[in-house]
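In what follows, residues are counted from 1 in the order of the sequence shown.
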Amino acid sequence: MGEIRGRRGSRGATLVETALILPALAVIVFGVVDLGRAYQLQIRLDGAAREGATHAQLSPNDVSCGGSDDIEGRAAEAEPDLVNEPGYAVTVLAEDAGGNLTVPVTGCGSTTVDAGERVRVEVVATFQLLTPLVGGVVGDTILLTGSNEIEVLG
């Protein structure tokens with residue numbers, strides 16, 4: 001009879017241990033999934049910014065001319081699904097007199113960026129976390145930014 005009692009106690013202990021470990025394991029698994037999704041979005045943002053910067057190298061003043069032949073259009077063409085991400089935006093910054101990239105370049109030819117100056121194309125999107133516990137610590141959404149700097153050619 002002593003053996004049977006020992007087995008029952010062992011089963012109960014295993015059930016309690018599983019109940020204690022399972023939530024922590026779930027947080028770790030979903031955290032790893034979130035990390036992978038965030039990394040994938042970051043790579044896509046970097047690719048879109050790189051494509052926008054490539055166009056900005058020759059046409060830095062054509063930010064939003066309303067077609068695919070401007071900086072915003074090229075960034076969107078590089079990663080078409082990014083346009084549907086919450087918080088998606090493309091920003092182009094040019095050098096100020098001190099050489100800092102702080103001057104916003106907007107519109108279609110309304111700002112003048114000269115050859116030899118640097119521009120930075122930034123593509124941002126909001127990342128929505130799946131893991132509630134992690135979301136409680138860092139917030140439910142995280143703003144990710146992909147950027148690329150390039151020198152304007154003449």
Side-chain angles (χ1 to χ4, degrees), residues 15-154:
L15 185 61
V16 169
E17 289 170 0
T18 303
L20 291 173
I21 298 290
L22 196 57
L25 186 61
V27 167
I28 291 170
V29 168
F30 283 114
V32 168
V33 169
D34 272 343
L35 185 63
R37 290 177 51 240
Y39 185 66
Q40 179 189 29
L41 180 58
Q42 183 65 53
I43 289 171
R44 293 171 56 212
L45 290 169
D46 287 339
R50 186 173 33 258
E51 188 63 31
T54 300
H55 184 75
Q57 191 170 27
L58 297 174
S59 302
N61 302 309
D62 297 340
V63 176
S64 56
C65 296
S68 64
D69 199 27
D70 58 17
I71 296 170
E72 286 182 357
R74 290 291 177 94
E77 253 182 23
E79 292 289 341
D81 294 337
L82 275 180
V83 178
N84 301 324
E85 292 288 335
Y88 172 81
V90 177
T91 306
V92 181
L93 300 170
E95 287 182 307
D96 60 12
N100 300 314
L101 292 166
T102 58
V103 179
V105 181
T106 59
C108 186
S110 61
T111 310
T112 304
V113 179
D114 297 323
E117 291 183 16
R118 292 178 306 136
V119 293
R120 177 187 302 143
V121 177
E122 296 177 347
V123 182
V124 299
T126 304
F127 177 71
Q128 182 72 37
L129 289 166
L130 292 176
T131 311
L133 186 61
V134 175
V137 174
V138 298
D140 289 335
T141 59
I142 299 172
L143 187 67
L144 296 178
T145 304
S147 66
N148 201 317
E149 289 182 22
I150 202 156
E151 186 175 320
V152 177
L153 298 177

Seminar exercise, completed: Heavy-atom closest pair (P60 atom, V152 atom, distance to 0.1 Å) is CG-CG1, 3.7 Å
Problem set entry | Any residue meeting side-chain contact (heavy atoms from CB on, under 4.5 Å) with L130, in chain and number order, not counting sequence neighbours | V33, D34, R37
Problem set entry | side chain to side chain donor-acceptor pair (under 3.5 Å) partners of D114, counting only residues at least two apart | none
Exercise. Which pairs count as side-chain hydrogen bond (donor to acceptor under 3.5 Å, both in side chains) when at least one residue sits in residues 95-106, sequence neighbours excluded?
Worked result: E95-R118, D96-T102
Seminar exercise, completed: CD1 of I150 to CD of E117, rounded to nearest 0.5 Å, is 14.0 Å
Exercise. Has I21 got more than 12 heavy atoms of other residues, nucleotides or ligands less than 6.0 Å from its CD1?
Worked result: no
Problem set entry | Test side chain to side chain donor-acceptor pair (under 3.5 Å) applied to E51 - qualifying residues, sequence neighbours left out | none
For this session: Among residues two or more places apart or on two chains, list those pairs meeting disulfide bond (SG atoms under 2.5 Å apart) that have a residue in residues 19-132.
Result: C65-C108
For this session: Apply side chain to side chain donor-acceptor pair (under 3.5 Å) to Q42 and list each qualifying residue two or more places apart in sequence or on a separate chain.
Result: D46
Problem set entry | Set of residues satisfying side-chain contact (heavy atoms from CB on, under 4.5 Å) with respect to L143, sequence neighbours excluded | V124, T126
For this session: Please report the shortest heavy-atom distance between V113 and A94, naming the atom on each side.
Result: CG2-CB, 3.9 Å
Problem set entry | Heavy-atom donor-acceptor pair, D140 side chain to L129 backbone, under 3.5 Å | no
Exercise. Can you list every salt bridge (charged side-chain N to carboxylate O under 4.0 Å, His left out) pair that touches residues 52-71, not counting sequence neighbours?
Worked result: D69-R74
Pairs of donor and acceptor atoms involving the side chains of residues 77-93, under 3.5 Å and at least two apart or interchain, shall be tabulated with distances.
residue, atom, partner, partner atom, Å
E77, OE2, S68, OG, 3.4
E79, OE1, R44, NE, 3.4

Problem set entry | Rounded distance (nearest 0.5 Å) linking atom CD1 of I71 with atom CG of L58 | 10.5 Å
